[in-house]
**Student:** 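Have a look at the structure that comes next, please.
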Amino acid sequence: MLELTINGATHRLDVEDGTPLLWVIRDTLGLTGTKYGCGIAQCGACTVLVDGQATRACITPAESVAGAQVTTIEAVEQEPVGRRVVAAWVAHQVPQCGYCQSGQVMAATALLRQTPRPGEDDIAAAMTNLCRCGTYNAIADAVRAAASAA
Amino acid sequence: MNGMTRPPAPAPGLPRGLPGVARPANLSRRGVLGFAAGALVLGVALPPRLARAQGTTQATTPGAAPPPGTRVPAFLEIGPDGAVRLLSPFVEGGQGIGTAMAQIVGEELDADPARFTVECAPPGADYLVVNGIRMTGGSFSTRSSYETMRRLGASAREMLLRAAAARLLVGQATLTTEPGQVVHAASGRRIGYGELAGAALALAPAAAVPLRDPKTFRYIGKPVARLDAREKSTGHARYSIDMAVDGMLQAAVQHAPRLGGEPGAFANEAAVRAMPGVHSIHRLPGAVAVLADRWWRARQAVAALDVAWTAGRGGLEADFSSAVMLAALRAETGAGAPAEREGDVDSALAGAARVVEAEYDAPYLSHAQLEPPSALARFNPDGTLDLWLPNQMPELFQAAAAQVAGLRPEQVRLHSPLLGGFFGRHFLYDFASPFQQAIRLAQAAGQPVKVIWSREEEFGRDAVRPMGFVRFRGGLDARGMPVALHARVVGEGPIGRYFGALQGGSPVDPSMVEGIVEKPYAIPNRRVDCVPHRQPPVIAFWRSVGHSMNDFFYESFLDELAVAGGQDPFTLRLALLRDRPRQRALLEAVGELSGGWKRGPFEAEGTRRARGVAMATPFNTEVATIAEVSIAAGEVVVHDVWVAIDPGSIVNPAIIERQVQSAVALGLSASLLEEVVFEEGAPRARNFDNYPILPRDRMPRVHVRIVESGAPMGGIGEPGLPGVPPAVANAVAALTGRRVRSLPFAKTRLGAA
Ligand code: FES
Ligand code: FES
């Protein structure tokens, strides 16, 4: 039995070692806001926070985050930075299909928690998730707006 | 488990052109036949008897099926608090169609679009509002349904007024509305729509209702906020892949390495069966599947399954490759059929002061939408089937699913959740959707089954944008003006593939030649030959279809002619548009938007740069595009893209601006990076590591100007794309002197001139 803390709640889970955190979140726990896009750390759709760090859950073995605080998109608005990021995403009308956006919001939240006033290089380094709908300019605008709203 | 039957003819219906819109005489066949073909396919898939049976259960006049888009209760529910639920004929996949529908209906209903929730309607005759069929594609949704949806909103408003008149015992003419309520000005009484809805929606719609004067529009034409922004920013939006039902098993599949292969013996069946969570192992046509309690367990097990694949019939030959295909297109000598003919190209070329020849090609492309395909099938105790899957044509998939399940279409409840991107991916292509697998597995297991394709399986079975090849000859007069243009377009397009027979065997496939025919330029002698050459892969519609490459070919070659004639490409285009005020104005608009045309090379922000320009006429919309580029480490860097777009008239400028951004990103992604390379009968890349798509750091600034010329409404979702690849290519040529004629750019190492 594996013990994981997700969004503040502790779960005892029957999963094999090596099971990606993504599938524990989506499938075992039914938190489907975190998305599967590639499974090989290419797209970032599966981004969650592990102790505040943006983490691609599709290549993160679940057992490696035992004892850590895992935050998914479902809990992003439980703290002020996440609320600001979501508000900026809505104000800037970022999503198109929306499928990548959970991961984008989590990546932006991690960035602004660590670097409240990011420069363009910080944004470039942190915001590497793919968006097939090409919302990249809106994403950058929303990140800047969320930073300046602090 | 054997004997999965394929659905009827795999046939995405895609109407081309609006009937009734004047088109050049030699192209009217395309509009009429294209549309008729779509209707016919759907007619086959959905006999009227069944279409009627699938309507919702509201009473209708017996024997008289109301025309699509007129039965108000099939579309609208108004809650006690005045919240409006709209069942939309269209599938939302990022293009913003749900919000646009709320604006159009809300305008006439007199209800704030912000009070709407929009869901995709189930299959049903009421929703066949795209000239009698239903599909989400071809940049067709808003323009095809605009009038219908306005009338629907106006009908609903009139019903609310009538119900209020009865309630207040006043003449209907003494009543008016404000957003969400009926107002009796004389007495100051107001009744919210929510209070009236029960009585109002039971009334028969009036035969004729007045529409608002467009000058008074409050929502149409305004940058109304998208209705789905918040749910998509908080993880609450639900896609097919997120669906779950009680007692559901999850399936992962392994497809035959090559299309056409069939599963033979399993070397390690017992070991796989003993893996954690495994429920059962199944052979499917061209694939094997493992059912398990969790998808990851199913995936681990199916990946571990050691399958002896045997050669089946059909599919792709072991020696098929992209390289072989391109060589075959190049070597094709057939005369083909003229898709456009004006003047006498051969004599004009013979008499030209100078002749320029060039060959262009573009590769197969994947859709690479970020949501991998899935399908969830549940058989109910009454024998009906619920099916959730990403799709762009609900009625067609319903009919196909019914055939696979051995049911009648009305026994299949088809759900069309939000699409995590589509770009043409979710029409009904052979082998390209997991819904047959889900149905067969649910039947075999006696439990609901959700199939998810891994990204690797998706890249292996996605239907591809066709490969393109064109050979051009252009003639210049002594002053350097183009006097002749001959194009041989070789290959195959999705319209010809899926509708060839229905088009009466027309030798011209419009999806092969669009973007090369109907160009607005005054070149007196023109011939475009459509030369068919079959392409073995399953081919697809892909955002902007033939335009996705043909405008690159044509507009690049036009720049070659300009350079050969010693002309500036922008000035030459202006001259060639002398008789086309709409396009000329748009070209001037994009020039102005970019701060005045300059080709370069020039210095900017410490780099050496140049600009390129291109025009396109996709989906009844006019587009002019300018791109500014530099070269870094042998690769193209695109700094800015300016787009002037004239769709005639508009519904939501903010959504249009974002759709143009999106189309620019996809056009750039494809032209810079993307290529499906087939080797040994299969696509080589199976994930984004080997099929890179545009990352954020390669996204240019995008500047959009919307021009409303008042021409008939054109499309929005796709038209921003076609101008981007040629504008970039023309800028690269201006900067380096190097003409890239084969996509993607990544194949070519570039140095500064
Ligand atoms: S699903 Fe994890 S990075 Fe793509
Ligand atoms: S919004 Fe569609 S993939 Fe980003």
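Computed from a prediction, not measured in an experiment: that's the story for all the values here.
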**Student:** Count the heavy-atom pairs under 4.5 Å between each of B/Arg297, B/His367, B/Gln95 and chain A, then report the option with the highest count.
**Tutor:**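 Most pairs with chain A among the choices: B/Arg297.
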**Student:** Tell me, please, which residues at least two apart from B/Arg238 pass salt bridge (charged side-chain N to carboxylate O under 4.0 Å, His left out).
**Tutor:**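 By the salt bridge (charged side-chain N to carboxylate O under 4.0 Å, His left out) rule, B/Arg238 matches no residue at all.
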**Student:** Looking only at side-chain N and O atoms, does A/Thr72 offer a donor or acceptor that is under 3.5 Å from a partner on A/Glu74?
**Tutor:** yes
**Student:** Hey, could you give me the CE/CG distance between A/Met106 and A/Leu49, rounded to the nearest 0.5 Å?
**Tutor:** 3.5 Å
**Student:** If we define contacts as heavy-atom pairs under 4.5 Å, which of B/Gly421, B/Pro372, B/Ala237 has the most with chain A?
**Tutor:**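 If we count pairs closer than 4.5 Å to chain A, B/Pro372 comes out on top.
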**Student:** Less than 4.5 Å to any heavy atom of chain A: does that hold for the side chain of B/Gln369, its backbone, both, or neither?
**Tutor:** backbone
**Student:** Identify which of A/Gly37, A/Gly33, A/Gly18 forms the greatest number of heavy-atom pairs closer than 4.5 Å to chain B.
**Tutor:**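 Among A/Gly37, A/Gly33, A/Gly18, the one with the most close pairs to chain B is A/Gly37.
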**Student:** Would you mind checking which part of B/Phe422 comes under 4.5 Å of any heavy atom in chain A, side chain (CB onward), backbone (N, CA, C, O), both or neither?
**Tutor:**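 Neither; nothing under 4.5 Å.
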**Student:** Do the side chain of A/Arg84 and the main chain of A/Ala146 share a donor and acceptor less than 3.5 angstrom apart?
**Tutor:**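 Looks like yes, one N/O pair under 3.5 Å.
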**Student:** Using a cut-off of under 4.5 Å for heavy-atom pairs, which of B/Ala368, B/Gly93, B/Gly277, B/Gly96 has the most such pairs with chain A?
**Tutor:**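 Sorted descending by pairs with chain A, the first entry is B/Ala368.
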**Student:** Measure A/Val94 against the heavy atoms of chain B and call it side chain, backbone, both or neither at under 4.5 Å.
**Tutor:** backbone
**Student:** Looking only at atom types and distance, does a side-chain atom of A/Arg56 sit under 3.5 Å from a main-chain N or O of A/Ile40, one as donor and one as acceptor?
**Tutor:** no
**Student:** Could you look at A/Cys100 and say if it's the side chain, the backbone, both or neither that has a heavy atom under 4.5 Å from chain B?
**Tutor:**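 Both parts, backbone and side chain.
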**Student:** Within the 3.5 Å criterion, strictly below it, is a donor on A/Gln42 or B/Asn687 matched to an acceptor on the partner's side chain?
**Tutor:**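 No.
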**Student:** Look up atom SG in A/Cys43 and atom CZ in B/Arg455, then write down how far apart they are to the nearest 0.5 Å.
**Tutor:** 7.0 Å
**Student:** Which bit of A/Leu22 is near chain B, if near means a heavy-atom gap under 4.5 Å: side chain, backbone, both or neither?
**Tutor:**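 It is neither, since no heavy atom gets under 4.5 Å.
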**Student:** Angle class for the B/Trp295/A/Trp23 ring planes (parallel below 30°, perpendicular above 60°, tilted otherwise)?
**Tutor:** tilted
**Student:** Given heavy-atom pairs under 4.5 angstrom as the criterion, report whether the side chain, backbone, both or neither of A/Val24 touches chain B.
**Tutor:** neither
**Student:** Examine distances only and state if a side-chain atom of A/Tyr99 and a backbone atom of A/Tyr36 form a donor-acceptor pair shorter than 3.5 Å.
**Tutor:**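 Judged by distance alone, yes, a pair lies under 3.5 Å.
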**Student:** Where on B/Ser454 is there a heavy atom nearer than 4.5 Å to chain A: the side chain, the backbone, both, or neither?
**Tutor:** both
**Student:** Ignoring hydrogens and geometry beyond distance, is a side-chain donor-acceptor pair present between A/Thr135 and A/Gln104 at under 3.5 Å?
**Tutor:** no
**Student:** Does any heavy atom of chain A fall under 4.5 Å from the side chain of B/Ala244, the backbone, both, or neither of them?
**Tutor:**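 Interface part for B/Ala244: neither.
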**Student:** So does B/Met243 get a backbone contact from the side chain of B/Lys450, meaning a donor-acceptor N/O pair under 3.5 Å?
**Tutor:**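 Judged by distance alone, yes, a pair lies under 3.5 Å.
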**Student:** Can you tell me which portion of A/Glu77 sits under 4.5 Å from chain B's heavy atoms? Options are side chain, backbone, both or neither.
**Tutor:**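 Interface part for A/Glu77: side chain.
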**Student:** Taking only Lys NZ, Arg NE, NH1 and NH2, and the carboxylate oxygens of Asp or Glu, determine whether A/Lys35 and B/Asp242 approach each other closer than 4.0 Å.
**Tutor:**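 Salt bridge present between A/Lys35 and B/Asp242.
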**Student:** Taking side chain as everything from C-beta outward and backbone as N, CA, C, O, which of these in A/Thr128 sits under 4.5 Å from a heavy atom of chain B? Side chain, backbone, both or neither.
**Tutor:**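 Contact with chain B: none, neither part.
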**Student:** At what distance, to the nearest 0.5 angstrom, does OG of B/Ser416 lie from CH2 of B/Trp388?
**Tutor:**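 Nearest 0.5 Å value for the OG-CH2 distance: 11.5 Å.
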**Student:** Give the interface residues of residues 656-664 of chain B toward chain A, defined by a heavy-atom separation under 4.5 Å.
**Tutor:**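 Against chain A, the residues of residues 656-664 of chain B that fall inside the cut-off (heavy atoms, under 4.5 Å) are B/Arg658, B/Gln659, B/Gln661, B/Ser662.
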**Student:** Does any backbone or side-chain atom of A/Ala140 lie under 4.5 Å from a heavy atom of chain B? Answer side chain, backbone, both or neither.
**Tutor:** both
**Student:** Relative to chain B, which of A/Gly134, A/Ala138, A/Ala124 shows the most heavy atom pairs under 4.5 Å?
**Tutor:** A/Gly134
**Student:** Is it the backbone or the side chain of A/Thr34 that comes under 4.5 Å from a heavy atom of chain B, or both, or neither?
**Tutor:**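 For A/Thr34, there is no contact with chain B at all, as no heavy atom is under 4.5 Å.
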**Student:** At a heavy-atom distance under 4.5 Å, which candidate from B/Leu668, B/Asp697, B/Leu666 has the highest pair count against chain A?
**Tutor:** B/Leu666
**Student:** Among B/Leu419, B/Ile452, B/Thr234, B/Val702, which has the most heavy-atom pairs under 4.5 Å with chain A?
**Tutor:** B/Thr234
**Student:** Between the side chains of B/Glu674 and B/Ser669, is a donor N or O closer than 3.5 angstrom to an acceptor N or O?
**Tutor:**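 Judged by distance alone, the side chains do pair up.
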**Student:** Determine whether a donor-acceptor pair (N or O, by modelled atom type, separation under 3.5 Å) exists between the side chain of B/Ser548 and the backbone of B/Ser544.
**Tutor:**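 Answer holds: no.
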**Student:** Below 4.5 Å, heavy-atom pairs only: which of B/Ala665, B/Ala654, B/Gly94, B/Ala225 has the largest tally toward chain A?
**Tutor:**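 Ranked by contacts with chain A, first place is B/Gly94.
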**Student:** In Å, rounded to the nearest 0.5 Å, how long is the span from OH of A/Tyr136 to CG of A/Leu130?
**Tutor:** 4.5 Å
**Student:** For chain B, find which of A/Ser102, A/Gly39, A/Pro20, A/Ala41 contributes the most heavy-atom pairs closer than 4.5 angstrom.
**Tutor:** A/Pro20
**Student:** Does any heavy atom of chain A fall under 4.5 Å from the side chain of B/Pro692, the backbone, both, or neither of them?
**Tutor:**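 Neither part.
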**Student:** Hey, what's the ring geometry for B/Phe459 with B/Phe688, parallel, tilted or perpendicular (30° and 60° as the breaks)?
**Tutor:**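 Rings of B/Phe459 and B/Phe688: perpendicular, over 60°.
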